[in-house]
Undergrad: 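Once you've had a glance at the structure underneath, I'll fire off some questions.
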Amino acid sequence: MAQEITLGQLKNWLLLYADRIIAEEEQLTRLDAAIGDADHGVNMRRGMEKVRERLLDGENQFPDVGAFFRSVAMTLISAVGGAAGPLYGTFFLRAATSPHNGERVDLPQFTRMLRFGLDGLQQRGKAHIDDKTMVDAIQPAVEAMEAALASGQSLAVALAAAKQAARLGMEHTIGIRANKGRASYLGDRSIGHQDPGATSAYLLFETAVVALSAPAPKE
Ligand code: ADP
Ligand code: MG
């Protein structure tokens, strides 16, 4: 049975992500205070509040999944100061360019969207695995989705694997030195602190499990 994710579910995902970011604002700021400039929580909260506003605005009907992700991307790029806004923006912008079925995506298409997003984010930010950035959560999550897809797993299993991989990647950032972004100025002193961007990225996969795991309702 082909399992699909609808545009409505994708909207719910981003609304849920906005809630989680708002709930975790202080924690994200605290993490950024240790190795950056203490604004990651504020930056992400501001951006996701704007995304939520646009999603809840009845005037804003999105014709397809691509238009939806493009809108999220443009909102993040324009509303979030700092490095993370344009990077998350690029992630969603590039995800939007990958093939989809209008108002829905199946597991192979959704996985490809995430891969496109990750590739775009890396082209823009030039961060690789173990540079202690959001890539350390997103890349293992995307790879876990790809592995689940290749072995014929269900959408729910693939999303759960992505969440688990993102969590391990996030936790792995504690023990490594930052090579990219503001935290890299600290050199070895960045070791021992969890990366704020990897933390906000983990939340994206945590909320995906809740919002996207159930099969889309039949229309
Ligand atoms: P700023 O560093 O400008 O204050 P934020 O505090 O909002 O921006 O975001 C910091 C996060 O951005 C870091 O924790 C890291 O995960 C991520 N980041 C920084 N530079 C890069 C990069 N080049 N590639 C990927 N992620 C990056
Ligand atoms: Mg910062």
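For ligands, and for the atoms within them, numbers begin at 1 and follow the listed sequence. None of the values given here were measured: they were computed from a predicted structure. The basis for the numbers below is simple: all heavy atoms, side chains too, and nothing from hydrogens, waters or symmetry mates.
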Undergrad: Apart from L16 itself, what residues make up its hydrophobic cluster, given side-chain heavy atom links below 4.5 Å?
TA: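 Direct or chained contacts put L16 with V210.
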Undergrad: Is the closest basic N to carboxylate O distance between D119 and R94 below 4.0 Å?
TA: no
Undergrad: Apart from L186 itself, what residues make up its hydrophobic cluster, given side-chain heavy atom links below 4.5 Å?
TA: I35
Undergrad: Sort out for me which residue in H40, E24, Q27 forms a side chain to side chain donor-acceptor pair (under 3.5 Å) with S200.
TA: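 Only one of H40, E24, Q27 forms a side chain to side chain donor-acceptor pair (under 3.5 Å) with S200, namely H40.
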Undergrad: Can you name the nearest heavy-atom pair linking M48 to L76, along with the distance?
TA: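 Result for this residue pair: SD-CD2, 3.9 Å.
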Undergrad: Keeping to distances under 2.8 Å, can you name the protein N/O/S atoms close to the Mg ion (ligand 2)?
TA: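 Near the Mg ion (ligand 2), the protein supplies D32 OD2, D37 OD1, D39 OD1.
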Undergrad: Do the side chains of E171 and R167 get close enough for a salt bridge, i.e. N-O under 4.0 angstrom?
TA: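 Here E171 pairs with R167 in a salt bridge, since their nearest N and O are under 4.0 Å apart.
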Undergrad: Can you tell me if NZ on K50 sees more than 12 non-hydrogen neighbours from other groups inside 6.0 Å?
TA: no
Undergrad: Using the rule given for salt bridge (charged side-chain N to carboxylate O under 4.0 Å, His left out), can you reason through R177 versus D188, listing the C-alpha separation, both sets of side-chain angles and the distance that settles it, and then say yes or no?
TA: CA-CA 6 Å; R177 187 168 69 94; D188 284 346; 3.4 Å; yes
Undergrad: Tell me the residues surrounding ligand 1, counting only those with a heavy atom closer than 4.0 angstrom, sorted by chain and number.
TA: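 Heavy-atom contacts below 4.0 Å: D32, D37, D39, H40, N43, G82, A83, A84, L87, G125, A127, T133, M134, K180, G181, R182, D195, P196, G197, A198.
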Undergrad: Look at R45 together with E25 and state whether they make a salt bridge at an N to O cut-off of under 4.0 Å.
TA: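 Here R45 pairs with E25 in a salt bridge, since their nearest N and O are under 4.0 Å apart.
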